[in-house]
Amino acid sequence: MRQQISHPTTKGNLPSFHHPKLVEVQKDLELVADCWDLLRGDAKQRHLPKEQGEPEEAYKNRVRRSSYPSFFRDGINAFAGVLSRYELRGAPKGLLDAQSDINGEGDSLKAWGMIADSLVMRDNGCLLMVDMPKDSVENRTIEKAQGRRPVFTIAERCNVLNWKLEKVGRKHVPIAVTVLEWHEVKDGDYGMKLEPRYRVMRGGEWQLIEIVGEKTDQVAIEVIDNGVFIGAGNKPLQYPPVIWYGPPRDSFGDGAPMLLSLANLTLDWFREYSDLKELLHRCALPVTVLKDAGRTDADGPLTLGPNSLVRIKDPNGSLTFAEPSGSSLDKHLQHLAEIEKLIDRSTLSFLFSNSSGGQRTATQAELESAQLQATITSLAEAKSSCWQSLFELWGIFTGDVPEFGAGLDLLPGITDKPVDDALLTLAGTLYDKGLLRRETVTNLAQRRGMLAPGINGKQEAELLAEEDAKQEAKLNPPIPNPNDLAGDNVDAQGLPLN
């Protein structure tokens, strides 16, 4: 279970107040967070309920034997990996210089972006923040000499507690945002504990607040730290330097988690697989059946083993092994397979595997690919817009203004099936026979990972064609025209004139 605050969440005069949109999806956010963390802690008990009349010890053992798959997390990581294949366009030079450690904690811009992408896929949004070190300097020269620069940070959706928006032009801009933070506090000589702090951003100012007390009528607000967001030229900012990163269709803090159905499917699989393992644990072993009319209790226990001999005196006696009959196990296996098909359709795996059985028709493949491409394109547009805003905030803090239309370009063909060596070899053979264009072979080589992602297949083919033309000119130089060599001193047959 994740950290929970004990402060009042319905009192509008406290920073712990929860926005109605957050309250609406809070249970869903907890569910997808449990799936993302692979049901860590007591999450297994919450998603695998105790059966009526089940003994406590038997229930604990059943929970201990149950395992949760990483379908949900793997699916999100796959989507985030797709969105991480991009090229920056028109980014400020200072940001490019700092992209190897964009958050001050060692994460590159691409790694930091993948974290944000994963949170968007999981929670349907997250808050991106840009901040500058608190102390100001006299000028940009000193700032560069000291290595002072903005840092990018991320707040999970469940920690964005409340906000207020204001319409500026055609957009709704956040003018106040409160973010929950967990700070380590000393507890004894060696211990530590986590305590909640509330970062309140209003206009161009910010405060770090601690709430003392838990009961509504006994709480007090204590400001631990505060400051002002200062931009280039020591100009204070008018709005908090934050950006809501989420699907284009949803506004700030809105919308249910986009992969909530996938999370529920994985939990269905978890419970079904738990039942199957319980059946196997209790019923899968064969049972010894002894029919011996002449045997009595005085004969003692019957011992079976590799060196044991069972002698049955009664002519009607027998020793056999019986296994549980019925189709329960088969039905569980079939149900698991059906759930796995649905999970595959909700993730990228349907593009690159055939676990659902059978070959897809061209129409099925085209529809499924189009559906995924639409999702990826929508998220890519949202990401490009957010990155453009990040570049602009960087420019506001540093004066390093990005180029017009700055953002990122998602690389083409990222949802294509990976190319193996056999296909690449076949493409080379077809090219040698004049049945395939060079540009096509170059693109296949790029998808195989033999060329850098940023290389343009068409441009590469054009450069190769130019090199081939130069090499051909060296091997087969043109025959000089006598008129060109001697000018007017020769006749049409190349003979000298009188």
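- Taking the ring axis of Trp206 as reference, the NZ or CZ atom of Arg199 stays within 45° of it and closer than 6.0 Å to the ring centre.
- Proximity of Tyr239 to Met201: side-chain heavy atoms (C-beta onward) are nowhere separated by under 4.5 Å.
- You'll find the side chain of Asp250 reaches within 4.5 Å of the side chain of Asn124, heavy atoms only.
- When side chains are defined from C-beta on, Trp112 counts as touching Leu128, because their heavy atoms get closer than 4.5 Å.
- Within the 4.5 Å cutoff, no side-chain heavy atoms of Asp254 are placed close to those of Arg249.
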When you look at Trp163 and Phe252, which way does the ring pair (Phe, Tyr, Trp, His ring centres under 6.0 Å) test go after all the steps? CA-CA 9 Å; Trp163 58 89; Phe252 194 111; 5.3 Å; yes
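- By the 6.0 Å contact criterion, CD on Glu54 is enclosed, its count of non-hydrogen atoms from other residues, nucleotides or ligands being greater than 12.
- Ring centers of Trp36 and Phe72: at least 6.0 Å apart, outside the cut-off.
- More than 12 heavy atoms of other residues, nucleotides or ligands shown are found within 6.0 angstrom of NZ on Lys110.
- Considering only heavy atoms from C-beta on, Leu109 comes within 4.5 Å of Leu88 through its side chain.
- Under a cut-off of 6.0 angstrom, the local environment of CD in Glu56 is crowded, with over 12 non-hydrogen atoms contributed by other residues, nucleotides or ligands.
- Side-chain N/O atoms of Tyr198 and Ser16 include no donor and acceptor closer than 3.5 Å.
- Put simply, the side chain of Arg46 reaches to within 4.5 Å of the side chain of Asp34, judged on heavy atoms.
- Using a 4.5 Å heavy-atom cutoff, the side chains of Phe397 and Arg149 are not in contact.
- The 12-atom threshold is exceeded at CZ of Arg65, counting heavy atoms of other residues, nucleotides or ligands nearer than 6.0 Å.
- At most 12 non-hydrogen atoms from other residues, nucleotides or ligands lie less than 6.0 angstrom from CD of Glu24.
- Within the 4.5 Å cutoff, no side-chain heavy atoms of Val130 are placed close to those of Phe229.
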